[in-house]
Engineer: 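I'd like to ask you about the structure that follows.
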Number of protein chains: 2
Amino acid sequence: MARISAGLDKDGALVNLGVAIRARRKALHLSQEALSDAAEIDRSHMGKIERGERNVTFLNIVKIASALGCKASELLVDSNL
Amino acid sequence: MARISAGLDKDGALVNLGVAIRARRKALHLSQEALSDAAEIDRSHMGKIERGERNVTFLNIVKIASALGCKASELLVDSNL
DNA sequence: ATGTGACTTGTAGTCCGTA
DNA sequence: GTACGGACTACAAGTCACA
């Protein structure tokens, strides 16, 4: 059971963000482990983020984007937000 | 004293985000109160976000962007992120 | 109208496992 | 290499009083 209720994440914003992160990660042929290591975020947490089960903080979005070699805004554009 | 250390917010990302939010809010001639009301976020909390003193979460960024009538990605583009 | 400090509650984020 | 769980700790969310 995810910790984010469908009610809170009305437009699936977190899921879309997670999908965008995963897509960029795969494009770079990185493992979750490699990415979470580069972003200095726990691998378990990163997995939940990709699945849209966690409401990431802004600073971590920036860190992840940076680890993916792109801007945070690009991730959101991918997510249609 | 701000709750976010300069060390954590290396590039002033939170400050830039706050500035972008405030700029858009002013452009719409809204008070913090009106905006925080529209975004369903407490005025006090919103004020701290605008000053870059809080590491806001993704879902709240989306809520604020929505209350500002723009996309979350646009806010980040304004912030150069 | 906004800034700020003090506070409680919820959850982001860590660390350990198992499959 | 990834999903998922339990048990923590750190900190964002949310509220209020007062400047």
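No hydrogens, no waters, no symmetry mates; every other heavy atom, side chains included, goes into these values. Order of the sequence lines fixes the chain letters, A, B, ..., with proteins taken first and strands second; residue numbering starts at 1 for each chain.
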Engineer: Where each residue is assigned the nucleotide of DNA chain C containing its nearest heavy atom, which of N55(B) and A34(B) is assigned the position nearer the 5′ end?
Structural biologist: A34(B)

Engineer: Taking atom P of dC4(D) as reference, at what distance in whole Å does atom CD1 of I49(A) sit?
Structural biologist: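 Atom CD1 in I49(A) sits about 15 Å away from atom P in dC4(D).
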
Engineer: May I have the distance from Q32(B) (atom CD) to dG14(D) (atom P), rounded to whole angstrom?
Structural biologist: 16 Å

Engineer: Do R51(B) side-chain and dG3(C) base share a donor-acceptor contact under 3.5 Å?
Structural biologist: no

Engineer: So does T57(A) get a side-chain nitrogen or oxygen closer than 4.0 Å to the phosphate oxygens (OP1/OP2) of dC11(D)?
Structural biologist: no

Engineer: Give me the atom names and distance for the closest heavy-atom approach of A20(B) to L75(B).
Structural biologist: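 Minimum heavy-atom separation between A20(B) and L75(B): CB-O, 3.8 Å.
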
Engineer: Show every side-chain hydrogen bond (donor to acceptor under 3.5 Å, both in side chains) that has at least one partner inside residues 20-31 of chain B, sequence neighbours left out.
Structural biologist: R22(B)-E50(B), R24(B)-D78(B), R25(B)-E50(B)

Engineer: Could you report the tightest heavy-atom contact between F58(A) and N55(B), atom names first, then the distance?
Structural biologist: N-OD1, 3.5 Å

Engineer: Which heavy atom of I64(A) sits nearest to which heavy atom of I49(A), and what is that distance?
Structural biologist: CD1-CD1, 4.2 Å

Engineer: Among residues at least two apart in sequence or on other chains, which ones pass side-chain hydrogen bond (donor to acceptor under 3.5 Å, both in side chains) with S66(B)?
Structural biologist: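 Result, side-chain hydrogen bond (donor to acceptor under 3.5 Å, both in side chains) vs S66(B): none returned.
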
Engineer: Just the rounded figure in Å: distance from C1' of dT15(D) to CE of M46(B).
Structural biologist: 15 Å

Engineer: Which residues within residues 20-31 of chain B lie with some heavy atom under 4.0 Å of an atom in DNA chain C?
Structural biologist: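 The answer is R22(B), R25(B), S31(B).
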
Engineer: From the options dA13(D), dT14(C), dG13(C), select the nucleotide whose nearest atom is closest to the side chain of R54(A).
Structural biologist: dG13(C)

Engineer: Rounded to whole angstroms, how far apart are CG on N60(A) and P on dA10(D)?
Structural biologist: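 Atom CG in N60(A) sits about 16 Å away from atom P in dA10(D).
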
Engineer: Show me the donor-acceptor pairs, under 3.5 Å and distance only, between side chains in residues 35-45 of chain B and residues at least two apart or in other chains.
Structural biologist:
unit_1: S36(B); atom_1: OG; unit_2: Q32(B); atom_2: O; d: 2.8
unit_1: S36(B); atom_1: OG; unit_2: E33(B); atom_2: O; d: 3.0
unit_1: D42(B); atom_1: OD2; unit_2: S44(B); atom_2: N; d: 3.0

Engineer: Report yes if the side chains of S79(B) and V19(B) come closer than 4.5 Å at any heavy-atom pair, otherwise no.
Structural biologist: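 Of all side-chain heavy-atom pairs linking V19(B) with S79(B), none is under 4.5 Å.
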
Engineer: Send over the distance from L59(B) CG to dA13(D) P, rounded to a whole Å.
Structural biologist: 10 Å

Engineer: Determine whether a donor-acceptor pair (N or O, by modelled atom type, separation under 3.5 Å) exists between the side chain of S73(A) and the backbone of L81(B).
Structural biologist: yes

Engineer: When you group the ILVMFWY residues by side-chain heavy-atom contacts below 4.5 Å and let the links chain together, are I61(A) and L30(A) in the same group?
Structural biologist: yes

Engineer: When the C1' atoms of the five terminal pairs at each end define the local axes, what inter-axis angle does the helix from dT2(C)-dA19(D) to dA19(C)-dT2(D) show, to 10 degrees?
Structural biologist: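 So the angle between the two local helix axes works out to 40°.
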
Engineer: For the pair made of CD in E33(A) and P in dA3(D), what is the distance, rounded to whole Å?
Structural biologist: 13 Å

Engineer: Quickly work out the I41(A) CD1 to dA10(D) P distance and round it to whole Å.
Structural biologist: 18 Å

Engineer: Are there any protein N/O atoms within less than 3.5 Å of an N/O atom in nucleotides 16-19 of chain D, and if so, which ones and at what distance?
Structural biologist:
unit_1: dC16(D); atom_1: N4; unit_2: S44(B); atom_2: OG; d: 2.9

Engineer: To the nearest 0.5 Å, what is the distance between NZ (K48(A)) and CD (E53(A))?
Structural biologist: 7.5 Å

Engineer: Would you please test T57(A) and V56(B) for side-chain contact (heavy atoms from CB on, under 4.5 Å) and show each step?
Structural biologist: CA-CA 6 Å; T57(A) 57; V56(B) 63; over 6 Å; no

Engineer: Applying the side chain to side chain contact (heavy atoms under 4.5 Å, CB included) criterion to K71(B), which one of L76(A), N80(A), V77(A) satisfies it?
Structural biologist: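 Considering L76(A), N80(A), V77(A), a side chain to side chain contact (heavy atoms under 4.5 Å, CB included) with K71(B) is found only for N80(A).
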
Engineer: Would you kindly give the CD-to-P distance between E53(A) and dG6(D), to the nearest whole Å?
Structural biologist: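 After rounding, the reported distance stands at 13 Å.
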
